[in-house]
Amino acid sequence: MSEQQSQGANDRNARQVVTGVVSSNKADQMITVVVERQFKHPKYNKYIRRHNKVYAHDERNEAAIGDTVEIQEIRPLSKLKRWRLVNITTKAVLPMGDAQ
């Protein structure tokens, strides 16, 4: 029985983790993250960039617009939220006049 429990824990840790940039943090405990991916076109062999906008759960409201973050797949928390904030990789650089 303990093997099944440890296998379940491994499955949980094997969830997809992606990196993106925070585009909005207006809602409480929710951020909007733009995840960009690159792939090679099968016919023309040119690299193409595509992006997806995903909604992530930010428990402590710590991410700001422009931050580079890592998000992880989770169970559905609401109609749109399927990701959670793992950590903030790079903080956004604010202009000198906007310091709060």
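If you read the sequence from its start, that first residue is 1, and numbering goes on from there.
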Any side-chain heavy atom of Val54 within less than 4.5 Å of one from Val35? yes

Looking at CD of Gln16 and CD1 of Ile71, how far apart are the two atoms once the value is rounded to the nearest 0.5 Å? 9.0 Å

Between the CZ atom in Arg37 and the OG1 atom in Thr19, the distance rounded to the nearest 0.5 Å is 15.0 Å

Checking side-chain polar atoms at under 3.5 Å, does Arg84 have a donor or acceptor matched by the opposite partner on Gln72? yes

Extract all donor-acceptor atom pairs below 3.5 Å that involve side chains of residues 42-53 and protein atoms in other chains or at least two apart in sequence.
none

Please answer: with hydrophobic residues joined when any side-chain heavy atoms are less than 4.5 Å apart, are Trp83 and Leu77 in the same cluster?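 No, separate clusters.
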
For residues Ala92 and Gly66, report the shortest heavy-atom separation together with the two atoms involved.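 Heavy atoms of Ala92 and Gly66 come nearest at CB-C, 3.6 Å.
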
Quick one: side chains of residues 21-31, donor-acceptor pairs under 3.5 Å with protein atoms, not counting sequence neighbours, listed by atom name and distance.
{"residue": "Ser23", "atom": "OG", "partner": "Thr32", "partner atom": "O", "Å": "3.3"}
{"residue": "Asn25", "atom": "ND2", "partner": "Ala63", "partner atom": "O", "Å": "3.1"}
{"residue": "Asp28", "atom": "OD1", "partner": "Asn61", "partner atom": "ND2", "Å": "2.9"}
{"residue": "Gln29", "atom": "NE2", "partner": "Glu59", "partner atom": "O", "Å": "3.3"}

Which one of Leu85, Asn87, Val69 satisfies the side chain to side chain contact (heavy atoms under 4.5 Å, CB included) criterion with Glu62?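 So the option named by the test is Leu85.
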
